[in-house]
There are 2 protein chains.
Amino acid sequence: MFSKSTEYALRATIFIARQSSIHKKVNIREIAEGIGAPKYFTAKILQQLSNKNVQIVSSISGPAGGFFIKEEASKRPIYNVIEAMQETHIIEDCVLGLPNCNEKTPCSMYKPYKDVKKGLLSIFKDKSIQEIANSKDRLIPIKIPNSKKP
Amino acid sequence: MFSKSTEYALRATIFIARQSSIHKKVNIREIAEGIGAPKYFTAKILQQLSNKNVQIVSSISGPAGGFFIKEEASKRPIYNVIEAMQETHIIEDCVLGLPNCNEKTPCSMYKPYKDVKKGLLSIFKDKSIQEIANSKDRLIPIKIPNSKKP
DNA sequence: ATAATTAAAGATATTTTTATCCTTAATTGT
DNA sequence: ACAATTAAGGATAAAAATATCTTTAATTAT
């Protein structure tokens, strides 16, 4: 649904929030390994998330430094991450790609999508970063061995 | 939500279906203009939709030729277009991008997304190409003049 | 047979996304 | 002051998506 950037951003945010809940800062290597994402690419994404107009993630340079999430930030909805990555359009926009698709000038999918969109928005807006971090669900890709015999 | 390719594919399919319902074949120029998409790119997409393993769209070369949709094809769900464009993963896959995200090994968004996914799938599976084509909703981008005064 | 019209197929170009590398700045401990 | 560790920022590379152009094949009408 989202770009790889946003997928990594969501996973990184949850990962950092978990470590921050036990007052542990994490460095880029730990984050990248913890979410199974490429290290340097993850670093770029963390820059976006720690940008001062966004401030989902905080960071400190130097030894004993690293990334963490402030208590206030962790109470914000995970939707803020999607906003920071500038991908709200993926949910908001017309399914057929038409600009100005609305009640007045709808496309054929406007009405059916309207309610689905509400549901989609609510799964990201109703849950805080903290709540999601509290679940111990995995954030890292796993390989499931193929059970079929050749 | 979908790639531009799939957006154009959906719009082109609906456009052709409308013309076919009045037994009119349309050429690439007419389709591209009718949906506000780049001509040559639209042509490539139509090749995918008319591929023999897909057969959503039919075509005939030469004068008086063009694209059309057979009655049987128009009764298929619009979801078939998303399948033809190989983008069902956009709906089906894990929101955080994790492989093997399921009941047994879920991510934190698995459960909340589960129902939304059902709704999303149903808006594409419950409507046939024909039904959507029958609505006279627009398929072409429109410019809404900016009402704000500078 | 020839010319005109159309889609199919193949080649190329451009833009965006994804990924990596290198240098600089900040912080800490010795 | 110096070395080590960390993030920030800038530059580059590789891959994928988007877009365009050219040639070929099919069909039709003359």
So does Ser50(B) get a side-chain nitrogen or oxygen closer than 4.0 Å to the phosphate oxygens (OP1/OP2) of dA8(C)? yes
With nearest nucleotides of DNA chain D determined for Gly65(B) and Ser5(B) from heavy-atom distances, which residue corresponds to the more 5′ nucleotide? Ser5(B)
Rounding to an integer number of Å, can you tell me how far Ile28(B) CD1 sits from dA8(C) C1'? 9 Å
Connected hydrophobic set around Tyr110(A), excluding itself, where side chains approach under 4.5 Å: none
Output yes when a side-chain donor or acceptor of Gln19(B) lies under 3.5 Å from a complementary backbone atom of Ile16(B), and no otherwise. no
Expected output: side-chain Arg11(A) to main-chain Arg138(A) donor-acceptor under 3.5 Å: no
Which part of the nucleic acid, if any, lies within reach of Val57(B) when heavy atoms closer than 4.0 Å are counted: base, sugar-phosphate only, or nothing? nothing
Check whether Met85(A) and Ile132(A) end up in the same hydrophobic cluster, where Ile, Leu, Val, Met, Phe, Trp and Tyr are linked by side-chain heavy atoms less than 4.5 Å apart. yes
Return the value, rounded to whole Å, for the distance between atom CE of Met85(A) and atom P of dT16(C). 17 Å
Distance check needed: dA8(C) C1' versus Ile45(B) CD1, whole Å only. 15 Å
Nearest of dT18(C), dA7(D), dT28(D) to any side-chain atom of Ser3(A)? dT18(C)
Quick one: does Gln47(B) reach the base of dA9(C) with a side-chain donor-acceptor pair under 3.5 Å? yes
What is the distance from CG of Asn27(A) to C1' of dT6(D), rounded to the nearest Å? 8 Å
Rounded to the nearest 0.5 Å, what separation is found between the OG atom of Ser58(B) and the CZ atom of Phe67(B)? 10.0 Å
So, taking the atom named CD1 in Ile82(B) and the one named CD in Glu92(B), what distance separates them when rounded to the nearest 0.5 Å? 10.5 Å
Interface polar pairs with nucleotides 19-25 of chain D, N/O, under 3.5 angstrom:
from    : atom 1 : to      : atom 2 : distance (Å)
dA19(D) : OP2    : Tyr8(B) : OH     : 3.3

Anything below 3.5 Å on both distances counts as a pair; with that, list the stems of at least three consecutive Watson-Crick or G-U pairs involving DNA chain D. C:1-30 with D:1-30
What's the CZ-P distance between Phe2(A) and dT16(C), to the nearest Å? 21 Å
Is the closest basic N to carboxylate O distance between Arg76(A) and Glu83(A) below 4.0 Å? no
Under 4.0 angstrom, heavy atoms only, what part of the nucleic acid is Leu46(B) near: base, sugar-phosphate, or nothing? nothing
